[in-house]
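This report refers to the structure that appears directly beneath it.
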Amino acid sequence: MLSKKQTIEVLDVIAEMYPNAECELTHSNPFELLIAVVLSAQCTDALVNKVTPGLFEKYKKPEDYIAAPLEELEQDIRSIGLFRSKAKNIKKLSQSLIEQYNGEVPHERDELVKLAGVGRKTANVVTSVAFGVPAIAVDTHVERVSKRLGICRWKDNVREVEETLMKKIPVDLWSDSHHRLIFFGRYHCKAQSPRCETCPLLERCREGKKRLKAKGLL
DNA sequence: AACTCGGGGCA
DNA sequence: TGCCCAGAGTT
């Protein structure tokens, strides 16, 4: 496993590749971000961004989602996968915001995860992007990249990956590192076809060298 | 830990 | 066609 120092060095290289990595979900306030992140489960941000401009024009407050018939909300997000459960979750979530949080999006991760459709990953994104609270949201990209680079162990579960990252990365770099790891995972260290041939981290990546050897390229 | 949900994107 | 995708809930 990489040491703290090695982890920082690796993250510096990735930061050079993606100096402006940030959340790509279009939103203009915490509530919109929360909705966008919930919608983004198991589909790409690009797909969500096709729907949200019109959606946010029509639904501005939790009350608007509550007032709309379920079938209508489903129709408004139909082009996104899992739209049925997502529509239900958004209505439930809106109800909870009104009843328990005075219609506001709570700032605490522990409160956010109580909302329908909000898990640890979504809660971390909201707290960090909307409220500037340091957090590392571990999604499939962050997990895969961390394991391939040896920042954490292969057998680690999501919780362990998050703990390891928080331990090895200074708090003031948590949010930036999170977004950089996601960009690196999405655009370069891809799940199916990682671009190891052009990776500046190849020399330090056991997984990458193993892959290139298997392809006879090393 | 394994399974389910689901339409769009892409090879 | 077949496979995968910025996950979460249930069993």
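Residue numbers start from 1 in every chain, and the chains themselves are labelled A, B, ... in the order their sequence lines are given, proteins ahead of strands.
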Nearest-nucleotide wise, let me know which of Gly117(A) and His179(A) is further upstream toward the 5' end of DNA chain C.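 Counting from the 5' end, the first nearest nucleotide belongs to His179(A).
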Start and end of the DNA chain B segment that chain A contacts, any atom under 4.0 Å from a heavy atom: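 The protein-touched segment is dC5(B) to dG9(B).
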How close or far is atom [atom2] of [N] from atom [atom1] of [X], stated in whole angstroms?
X: Lys86(A); N: dG9(C); atom1: NZ; atom2: C1'; value: 14 Å
X: Glu143(A); N: dC5(C); atom1: CD; atom2: P; value: 12 Å
X: Arg144(A); N: dC4(C); atom1: CZ; atom2: P; value: 12 Å
X: Ile77(A); N: dG7(C); atom1: CD1; atom2: P; value: 16 Å
X: Lys92(A); N: dA8(C); atom1: NZ; atom2: C1'; value: 11 Å
X: Ile90(A); N: dG7(C); atom1: CD1; atom2: C1'; value: 14 Å
X: Glu24(A); N: dC5(C); atom1: CD; atom2: P; value: 17 Å
X: Leu93(A); N: dG9(C); atom1: CG; atom2: C1'; value: 15 Å

Taking atom P in both dT10(C) and dG6(B), what distance in whole Å separates the two?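 Straight-line distance between the two P atoms is 14 Å.
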Looking for any heavy atom pair under 4.0 Å, which part of the strands does [X] touch: base, sugar-phosphate only, or nothing?
X: Ala191(A); value: sugar-phosphate
X: Val118(A); value: sugar-phosphate
X: Gln192(A); value: sugar-phosphate
X: Leu82(A); value: base

Closer than 4.0 angstrom, basic N to acidic O: yes or no for Arg159(A) and Glu162(A)?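 A salt bridge is absent here (no side-chain N lies under 4.0 Å from a carboxylate O).
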May I ask you to decide whether Glu207(A) forms a salt bridge with Arg211(A), counting only side-chain N to carboxylate O separations under 4.0 Å?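 Looking at Glu207(A) and Arg211(A), the cut-off is met.
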Should the pair Tyr187(A) and Phe183(A) be assigned to parallel (<30°), tilted (30 to 60°) or perpendicular (>60°) ring geometry?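 Taking Phe183(A) first and then Tyr187(A), their aromatic rings stand perpendicular (interplane angle over 60°).
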I want to confirm an ordering. Mapping Gln42(A) and Lys50(A) to their closest nucleotides on DNA chain B, which one lands closer to the 5' end?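 Comparing both residues, the 5'-ward one is Gln42(A).
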So, does Lys167(A) use its side chain to make a donor-acceptor pair with the main chain of Lys4(A) at under 3.5 Å?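 Such a contact is absent between Lys167(A) side chain and Lys4(A) backbone.
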Pairwise side chain to side chain donor-acceptor pair (under 3.5 Å) hits with a residue in residues 34-49 of chain A, at least two apart: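 The answer is Thr26(A)-Asn49(A).
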List for me each residue that meets ring-ring contact (aromatic ring centres under 6.0 Å, His included) alongside Tyr65(A), sequence neighbours excluded, and say none if there are none.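 In terms of ring-ring contact (aromatic ring centres under 6.0 Å, His included), with neighbours along the sequence ignored, Tyr65(A) is linked to Phe31(A), Tyr59(A).
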So if you build clusters from Ile, Leu, Val, Met, Phe, Trp, Tyr with side-chain heavy-atom gaps below 4.5 Å, do Val113(A) and Ile90(A) land together?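 Different clusters.
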